[in-house]
Amino acid sequence: MRRTSEARSEATDADLLGELGLMHSNSFGWALLCCNHRRDEAEEVLQTAYLKLVEGSARFSGESSLRTWFFGVIRRTASEQSRRRWMRNQIFDRWVVNRPAQAATPDPEAVALETEGSRALLQALARLSARQREVLHLVFYQELTIEEASRILKIRLGTARTHFERGKRELRKMLAGPGAQHERK
Amino acid sequence: MNGNDEDLHDRFAALRREEGAQAPEFARLFNTREERVRRWSPAHVAAAAVCLAITIATALLLVHGPWRPQQGQRAPVASITAWKSPTDFLLDTPGSELLRPMPELGFSRVDAKAPAPENKNRQAKRKVLP
């Protein structure tokens, strides 16, 4: 009996691992967005999220899809690490090392690899509010529905829709060119 | 998402392709997670060293501190048979001496303790004065 449950658990773990492997590149994209496109931080966040899953501190109950649930874990992990990093910058760098707290800047390596179109899109996304940016990423980049996005972000469907529509409008204006941006200002 | 969103969809798809190409290998992230748990960052090492130093310093101060009495200067410890409770006097109530000796027939200790005649006169005078 025990052996059967262990075998089932191993099979489930293998399935889970397979699914995680398939969506790894998308998970990394989401982690990048949650970390303001800082590659090192995104890797660390994703690794911690995997660790949470393996250790069992984050458990998939099957209430939503694996992707919706895991993206929620990534978002929460990114937020925890960002808070921890801020504390470390404030306390360690300022008071112990006496170095001014470092401002968060995008990874230069990642910036060098971006094409012109992607850079423009990322710059425009950076000007949007965090919620709008997240909803647009989840819908366009991850190809999720607005409902799934609302579940990941833990907001109401109506709120997610509003962020989506407003974000889309703002993004279009910004991508239309610098002339359009000046008009907006 | 509707048909008008195709332009945005294409832009995001291009970004996804680029970022997907830069993504670290799944196996590398997944397999190094255990090493990461074991690995101690310099901040952790520094914090642990500070904690250890404080613990050792506290222990040394407690053992060899200046306020600790020397071996010869120690106050003598009272024996349990010689010990007296600090609230012992509360048990000594007024008039308790009357109850201590064995009572005798035909003899009253209350009469024996009666005030002297001198005192009686003083009380009588007081009554007269007002």
Side-chain angles (χ1 to χ4, degrees), chain A residues 17-18 20-33 37 39-40 42-55 88 91-92 96 107 109-110 113-122 124-125 136-146 164 167-168 171-172 175-176, chain B residues 1-70:
Chain A
L17 203 69
L20 285 175
L22 284 176
M23 62 184 211
H24 171 70
S25 134
N26 281 344
S27 303
F28 182 69
W30 174 236
L32 266 178
L33 186 97
H37 282 84
R39 195 188 157 87
D40 287 352
E43 278 190 29
E44 201 182 330
V45 162
L46 195 54
Q47 203 172 34
T48 310
Y50 286 144
L51 191 69
K52 280 182 178 177
L53 206 132
V54 171
E55 283 179 345
R88 202 163 52 209
I91 296 168
F92 192 78
V96 181
D107 186 3
E109 191 190 334
L113 290 167
E114 285 158 8
T115 60
E116 196 60 46
S118 299
R119 198 174 302 153
L121 178 61
L122 288 175
L125 278 172
L136 289 179
H137 176 98
L138 290 170
V139 172
F140 287 118
Y141 186 112
Q142 304 290 350
E143 296 181 331
L144 296 173
T145 62
I146 300 177
F164 177 69
K168 215 165 59 174
L171 191 66
R172 277 224 176 84
L175 289 174
Chain B
M1 202 160 64
N2 51 40
N4 300 332
D5 298 334
E6 283 304 311
D7 55 332
L8 289 179
H9 188 266
D10 290 346
R11 279 176 181 270
F12 274 96
L15 181 66
R16 187 175 58 230
R17 276 194 299 275
E18 279 177 34
E19 287 182 349
Q22 294 171 35
E25 278 178 41
F26 173 65
R28 182 171 73 79
L29 279 195
F30 205 82
N31 295 331
T32 50
R33 71 195 188 277
E34 282 170 14
E35 286 171 25
R36 235 194 76 197
V37 173
R38 282 191 222 116
R39 192 181 68 204
W40 278 44
S41 71
H44 284 136
V45 174
V50 168
C51 287
L52 189 68
I54 290 171
T55 311
I56 291 172
T58 312
L60 284 174
L61 278 173
L62 284 173
V63 174
H64 302 292
W67 57 82
R68 193 180 166 83
Q70 295 301 313

Looking at every non-hydrogen atom in both residues, tell me the closest pair between [X] and [Y] and how far apart they are.
X	Y	value
His137(A)	Phe12(B)	CA-CE2, 4.2 Å
Leu8(B)	Lys168(A)	CD1-CG, 3.3 Å
Arg11(B)	Leu121(A)	O-CD2, 3.7 Å

*Would you please indicate if the ring centroids of Phe28(A) and Phe26(B) are separated by under 6.0 Å?*
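So the answer is no for these two rings.
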*Salt bridge flag under 4.0 Å for residues Glu18(B) and Arg119(A)*: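 Salt bridge: no.
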*Is a salt bridge present between Asp5(B) and Arg172(A), judged by a nitrogen-to-oxygen distance below 4.0 Å?*
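Result for this pair is yes, salt bridge flagged.
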_Worked verdict on Glu43(A) versus Arg28(B) for side chain to side chain contact (heavy atoms under 4.5 Å, CB included)_ = CA-CA 10 Å; Glu43(A) 278 190 29; Arg28(B) 182 171 73 79; 3.2 Å; yes
*Side-chain donor-acceptor pair under 3.5 Å between Glu25(B) and His24(A), yes or no?*
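No pair is found: no donor N or O on one side chain lies under 3.5 Å from an acceptor on the other.
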*Looking at CG of Leu29(B) and OG1 of Thr48(A), how far apart are the two atoms once the value is rounded to the nearest 0.5 Å?*
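Here the rounded value is 9.5 Å.
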_With rounding to the nearest 0.5 angstrom, report the CZ to OG distance, Arg16(B) to Ser25(A)._
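Going from the CZ atom of Arg16(B) to the OG atom of Ser25(A) covers 8.5 Å.
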*Flag the one option from Ala120(A), Gly21(A), Ser27(A), Ala42(A) with the top tally of heavy-atom pairs under 4.5 Å to chain B.*
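Max contact count across the listed options: Gly21(A).
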_Contact winner vs chain A - Pro24(B), Ala23(B), Gly20(B), Ala13(B), heavy-atom pairs under 4.5 Å_ =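 Heavy-atom pairs under 4.5 Å are most numerous for Pro24(B).
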*With only heavy atoms counted, which part of Leu53(A) is less than 4.5 Å from chain B, the side chain, the backbone, both or neither?*
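Neither; nothing under 4.5 Å.
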*Where the side chain of Arg39(A) meets the backbone of Gln22(B), is there a donor-acceptor pair that is under 3.5 Å apart?*
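Checked: pair present.
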